[in-house]
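Structure, as structure tokens:
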Amino acid sequence: MSTENYQILALKWRPKKLNDLIGQDHISQTLIRAFELNRIPQAFLFSGPRGVGKTTSARLVALALNAEDKPTVNYNLESERVQEIIDGSSLDVIEIDGASNRGIDEIRELRDSINFMPVNSSYKVIIIDEVHMLTTQAFNALLKTIEEPPQHVKFIFATTDVHKVPQTIISRCQRYDFLPLTLSDIVNRLNFILKEEKISFEQEILEMIAQKSEGSMRDALGFLDQVLVYQNSDISKEEIQNILGIVSDVILFEISDSIHAKNAEKLLAILDQIEHSGFSIEEVLKNLIIHFKNLILINLSQTTLLRVSPEILKKYQAVSYSWSDRDLIRISNILSNLYAELKHYADQFVIFQLTILKLIHFDKTIDIQTLLSNASEESPVVKAPESVVNEKATPSVASQSSASNFDEIQENWTKILKLVRSKRASIAALLSDCILSEFDGTTLKIISYDRSDFNKRLLEGSIPLIEQSFKDRLNMEISVEIVIDTSVEKIEESKNLSIEEDDAISIFGGKEQ
């Protein structure tokens, strides 16, 4: 491949006809059919993640509208009009960046200019990329124009955050939702491009690139450009991983293996390797969340995983962890919560290391009904003396006061954790997985299920900080006692299993509409 006047692959191999669009057949075929029937809407809305073909599709629609004297998907790629649109020099196809032209003045100017007829085409096509960045006033200025535009004008909007686009705009457009590309879609396209460029590459490396791109063709071609710099070298798989910052599936499986086997020595060695490899902790954590998501899906059903190669799929199908679905969800929840909070920590590796090591002491979930049933069988009910019953029925004023204070402590626990986090984030992280047990009016028992002697010493050494936080927040003199009891976590199962909507989206790679 010549380096003279080098053009990046994402531009050089951008599709030039709707039939060439990769991985979006549900969209390309619908658009082709619309042109065949001449049922073309006044405004399109293309939504979806980055790098999946939204802007490319907008330009392809512009080509189909203006390449010939009438709308058609069968146009001559060598014609002057086509070259002008592809080069971005056509006066009748106007591309606007919504992020930098987001104000009402720019939209008013655009609204005035569309009243003029096209220069040498059938339509004046307005493409607004990242349309969700427009201000509310700008959207309002567009409303009437989109609903009843001049016959010679077509609008095409593209966005990665469709939920930020007002419903009044969406309802005036024909909406198309783009999907992340599958691993096979990306690998097949990379193979095609490399064949045309007369370059050979190992299939395993292409699968690594496709997996790293997370469904984005643009990212995949960008990574391929990086790798091609080394095409004349005898480059290894490990070197490719270092170049692209790819977290090896070997590392991910070693982490989960060590956690499951409670092998602290091996896990520390892996974490040391990660620290010295130069990996982004955020990237490692994101890959680890995806790894446990895949374990959940495989545990539910031996199914094909999206964006996972057949070789790695076999690894997932071969694992024999004793974790239940609930265990895996709880681990994923812990990792997902850390991912959301990671940006608040100056030393991200320390909090990552602390969390991963804490998972070694993770106890498998016991079904709450089974637990209660076993407790009932082992502890037969003994009728209490009437005097005791009466005493319990009329609690003392002191016990009522303690209960009231304990309720107040529980209600403010999240705010107490924030106070502690502002002074010592690592202690707040440990406390967030503890349980408030009981309060007798002076002493609050906080139960930790963490067996680590190191973490226990950390908590006990921070008792003055915790007590001061209670005083600052509640104006209460409270003595704190740390109790290690690993059985408590099982009883608190319903609490640990709760997953917020944002956690579920993060764990399973979904998207909001």
Side-chain angles (χ1 to χ4, degrees), residues 7-48 51-96 114 116-129 146 149-158 173-179 181-182 184-186 188-197 217-218 220-221:
Q7 188 178 30
I8 64 170
L9 295 175
L11 294 179
K12 183 176 181 180
W13 291 99
R14 172 174 275 164
K16 293 180 173 60
K17 288 195 174 184
L18 284 168
N19 271 327
D20 299 332
L21 200 60
I22 305 299
Q24 309 293 346
D25 291 347
H26 63 295
I27 291 173
S28 60
Q29 295 308 309
T30 302
L31 290 172
I32 289 170
R33 187 64 176 157
F35 277 95
E36 289 174 348
L37 297 175
N38 197 28
R39 300 185 63 174
I40 306 166
Q42 294 298 118
F44 300 83
L45 176 61
F46 295 158
S47 68
V52 296
K54 299 184 300 297
T55 306
T56 295
S57 296
R59 291 170 180 164
L60 294 178
V61 170
L63 281 168
L65 286 167
N66 284 345
E68 303 291 340
D69 292 332
K70 64 178 181 178
T72 178
V73 294
N74 299 311
Y75 43 82
N76 178 14
L77 287 174
E78 303 303 322
S79 72
E80 185 178 348
R81 284 189 195 174
V82 168
Q83 291 306 313
E84 286 179 351
I85 294 172
I86 291 175
D87 296 341
S89 58
S90 173
L91 297 175
D92 297 324
V93 178
I94 303 170
E95 286 195 41
I96 298 173
I114 65 175
F116 297 102
M117 296 296 294
V119 176
N120 61 353
S121 306
S122 302
Y123 294 95
K124 181 164 285 189
V125 182
I126 312 298
I127 300 173
I128 303 182
D129 203 7
I146 297 173
Q151 288 299 311
H152 61 272
V153 175
K154 299 290 184 183
F155 285 97
I156 308 175
F157 303 132
C173 302
Q174 194 170 95
R175 175 175 168 177
Y176 293 85
D177 291 323
F178 287 68
L179 303 175
L181 276 67
T182 64
S184 60
D185 284 334
I186 296 175
N188 290 339
R189 183 62 175 174
L190 295 182
N191 271 319
F192 171 79
I193 291 172
L194 289 172
K195 183 178 179 181
E196 293 294 314
E197 297 282 346
M217 180 59 73
R218 183 173 63 234
L221 292 174

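Throughout, numbering of the chain's residues begins at 1 and tracks the sequence.
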Any donor-acceptor N/O pair, S122 side chain to N66 backbone, under 3.5 Å | no
So, do Q29 and N19 sit near enough that their side-chain heavy atoms are less than 4.5 Å apart?
-> yes
Measuring from C173:SG to I146:CD1, what's the distance to the nearest 0.5 Å?
-> 5.0 Å
Apply ring-ring contact (aromatic ring centres under 6.0 Å, His included) to Y123 and list each qualifying residue two or more places apart in sequence or on a separate chain.
-> none
Hey, what do you get for CZ (R218) to OG1 (T56), rounding to the nearest 0.5 Å?
-> 8.0 Å
Output all residues satisfying salt bridge (Lys or Arg N to Asp or Glu O under 4.0 Å) with E68, sequence neighbours left out; order by chain, then residue number.
-> none
Look at the side chain of S121 and the backbone N and O of P118, then say whether any donor-acceptor pair between them is shorter than 3.5 Å.
-> no
Side-chain heavy-atom pair Q174, R39 within 4.5 angstrom cut-off | no
Check whether any side-chain N or O of K54 sits under 3.5 Å from a backbone N or O of F178 as a donor-acceptor pair, and report yes or no.
-> no
Going by heavy atoms in the side chains, are M217 and L221 under 4.5 Å from each other?
-> yes
For S28, check side-chain hydrogen bond (donor to acceptor under 3.5 Å, both in side chains) against everything at least two apart and list the hits.
-> none
L60 versus L31: any side-chain heavy-atom pair under 4.5 Å?
-> no
Verdict with supporting geometry, K12 and E196, salt bridge (charged side-chain N to carboxylate O under 4.0 Å, His left out) | CA-CA 12 Å; K12 183 176 181 180; E196 293 294 314; over 6 Å; no
Does the salt bridge (charged side-chain N to carboxylate O under 4.0 Å, His left out) test come out yes or no for R81 and E84, once each step is laid out?
-> CA-CA 5 Å; R81 284 189 195 174; E84 286 179 351; over 6 Å; no
Just wondering, more than 12 heavy atoms not from Q83 lying within 6.0 Å of its CD?
-> yes
Cation-pi check, K17 onto Y75 ring (under 6.0 Å, within 45° of axis) | yes
Any side-chain heavy atom of N120 sitting closer than 4.5 Å to one from D92?
-> yes
Are side-chain heavy atoms of Q24 and Y176 found at a separation under 4.5 Å?
-> no
L181 and L179, any side-chain heavy atoms less than 4.5 Å apart | no
Test item: H26 side-chain N/O and D177 main-chain N/O as donor-acceptor pair under 3.5 Å = yes
Is any side-chain heavy atom of V61 less than 4.5 Å from a side-chain heavy atom of K154?
-> no
Value rounded to 0.5 Å, distance of CD1 in I127 from CZ in F44 = 10.5 Å
Given the rule in the salt bridge (charged side-chain N to carboxylate O under 4.0 Å, His left out) test, do R189 and D20 qualify, once you have shown the distances and angles that lead to the verdict?
-> CA-CA 10 Å; R189 183 62 175 174; D20 299 332; over 6 Å; no
All heavy atoms of Q42 vs all of V153, minimum pair found to be NE2-O, 3.3 Å
